[in-house]
Amino acid sequence: MPASTLDQVVSLAKRRGFIFPSSDIYGGIQGVFDYGPLGVELKNNIQGDWWRTNVYERDDMEGLDAAILMNRLVWKYSGHEETFNDPLVDCRSCKSRWRADHIKGKCPNCGSTDLTEPRPFNMMFKTQVGPVADPDSFAYLRPETAQGIFANYANVLATTSRKLPFGIAQIGKAFRNEINPRNFLFRVREFDQMEIEFFVMPGTDEDWHAKWLEARLSWWAGIGVPRDRIQIYDVPKGDLAHYSKRTYDLMYNYPTLGYEEIEGIANRTDFDLGSHSRDQDKLGLTARVSPNADSLARLTYFDQANNRHVVPFVIEPSAGVGRCTLAVLSEAYADELVKAPPAEKLEAVSQALQAFIKSAGRSEKLNGETRDALVARAESIAAALPEALPQVESLLGMAGADQIEVGKKLRGQAQPVADENFRTVLRLVPKIAPVKVAVFPLKRNHDGLVGTAKDIRKALQRTCMRTVYDDTGAIGKLYRRQDEIGTPFCITVDFQSLEDGSVTVRERDSMAQERVASAELAGYLREKIG
Ligand code: ATP
């Protein structure tokens, strides 16, 4: 069962060092996050899997790493200077600013409906280039990685002798000055994109669009986001981006947020290559493009069979790494009951919850919306005890919860029961887990056990499996700690290990244990991790 609220995932991600708010020591910066020790491993594994699947395992792809800064003309002809806008409104009562299409005519801060008319706000960040700040010496931080691919289309074609159809893949930073960044990693101002521009013969674009839709769904399933958790949204004509003939948005069912976009798969037609090309009137373009007097290149393909130059159509699968990270964490998250809590302890938690509901419902310190949210959440936990018991912690982390005096008592009742009877486990697909193997000595003050455990760690790490050593607690506690970060295998070195060289391997999901000879460990684990 995936996470039931986003708070559970946010709290785990912060607690265990997956994600930190950027510049936390100065109060942070809105919409910017850092990937901590475990987050960077997870992110690298996701990106690595995407690269392997899309570049190495196909015969029709090349990779690219284009710069973030580009000539400003790229963004003029791509259409971003003119159209990369969101509708901005001001609340006249509390002076806050909002994205009009996200708020349904009512200020989320103060509830006022006295809002200004929406006006277009361009989301590209500007930065000065060179030492002199004259008005023309600026560049944009790219809002998508795609344009770096289009600008290099002719370079890649010339240096690789590719024939259509072929694609160029790229992973890199993108920046958008979102009006209201929110929902943790979901809507941020700096993020990473994994993008493919796949160039095809005009007329074959619709077929390729359908093929890419299937290929992408299969990749999502492979990293632990199953097909039945994704809806395909065929974007209505009126809502399509200026370059698109048709777009499928993959919508993942995020906890708390509901269905939201994790990836867009667009048919960008001949719009981009056409826009950036010279001699546009000779190219037979189907897309409507702005006249381009600045480009130095013709971005065409020589179709030998028909002895003519064509402008390829483009299929673009584009996914954000942050939204992907949030989806895999949500999907993998589980608070699992490992043994039934004693009835009287459960009853005490239940009563503390009822007291919390009563107190929150009557509280005059909270505004209506905060009060309702707290009560609704507490009621849903009360109705789903004992399974929902670990969620008390995220209830107490919600806005306004610290104002409810009986919250402390509730925590005092719930936390020991949760610690004693539940485990939090991230059922990550092993290949993307930040740590693959953890090795523990049964006793930390025994030289033989410690030395053997450290040797095993080193040997496994040499086979490129991220392996850690830990001796800072009892074995049961160490297992729980690894479960919570999704480590698929734990190895314990005990006294029998010193005699016969075998160790205990414990599997995360089933918690089953098996004895394996140290000499066979690497092969055994490699086979299971894949
Ligand atoms: P939305 O409608 O949610 O703003 P979009 O349609 O503008 O997204 P695209 O331009 O299609 O998004 O970008 C491709 C992908 O990049 C998205 O599917 C998403 O995964 C990611 N992405 C876009 N904007 C953001 C953002 N502000 N924060 C995190 N990821 C983003």
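Atoms within each ligand, like the ligands themselves, are counted from 1 in listed order. Predicted, not measured: the structure shown is a model, and the values here were computed from it.
- Between the side chains of Tyr140 and Glu81, at least one donor-acceptor pair of N or O atoms lies under 3.5 Å.
- Proximity of Arg323 to ligand 1, defined as any heavy-atom pair under 4.0 Å, is confined to the side chain (atoms from C-beta onward).
- Listed by number with element, the atoms of ligand 1 under 4.0 angstrom from any heavy atom of Glu178 are 26 (C), 27 (N).
- Here Tyr35 pairs with nothing under the ring pair (Phe, Tyr, Trp, His ring centres under 6.0 Å) rule; sequence neighbours left out.
- Below 30°, between 30° and 60°, or above 60°: for His309 and Phe302 the angle between ring planes is between 30° and 60°, a tilted geometry.
- Distances below 4.0 Å separate heavy atoms of Arg176 from the following atoms of ligand 1: 5 (P), 7 (O), 9 (P), 10 (O), 12 (O), 13 (O), 23 (C), 24 (N).
- Considering only non-hydrogen protein atoms, atom 20 (O) of ligand 1 sits nearest to Gly320 N, 2.9 Å.
- Listed by atom number, the atoms of ligand 1 under 4.0 Å from Glu263 heavy atoms are 18 (O).
- Near Gly264, the atoms of ligand 1 lying under 4.0 angstrom from a non-hydrogen atom of the residue are 18 (O).
- In terms of protein heavy atoms, atom 16 (O) of ligand 1 is closest to Gln193 NE2, 3.3 Å.
- Looking only at heavy atoms of the protein, atom 28 (N) of ligand 1 is closest to Val188 N, 3.0 Å.
- Looking only at protein heavy atoms, the nearest one to atom 22 (N) of ligand 1 is Phe191 CE1, 3.5 Å.
- Closest protein heavy atom to atom 29 (C) of ligand 1: Phe186 O, 3.2 Å.
- Nearest protein heavy-atom neighbour of atom 2 (O) of ligand 1: Glu261 OE1, 4.1 Å.
- Phe199 and Tyr153 have tilted rings, their planes meeting at an angle from 30° to 60° on a 0 to 90° scale.
- The aromatic ring centres of Tyr254 and Phe186 sit less than 6.0 Å apart.
- Contacts with ligand 1 closer than 4.0 Å are made by no heavy atom of Arg189, backbone or side chain.
- To the nearest 0.5 angstrom, Ile25 atom CD1 is 13.0 Å from Phe20 atom CZ.
- In this pair, Trp208 and Phe198 present their aromatic rings tilted. The plane angle is within the 30 to 60° band.
- Contact of the Ile232 side chain with the Arg227 side chain is registered, since non-hydrogen atoms from C-beta on lie closer than 4.5 Å.
- A donor and an acceptor atom, one from each side chain of Arg182 and His102, are located under 3.5 Å apart.
- Under 4.0 Å is where a charged nitrogen must lie from a carboxylate oxygen, and between Arg99 and Asp101 at least one such pair does.
- Counting only heavy atoms of the protein, atom 3 (O) of ligand 1 lies nearest to Arg187 NH2, 3.0 Å.
- At the top of the distance list for atom 14 (C) of ligand 1, counting protein heavy atoms only, stands Ser318 OG, 3.1 Å.
- Contacts between Ile262 and ligand 1, counted as non-hydrogen atom pairs separated by less than 4.0 Å, involve the backbone only.
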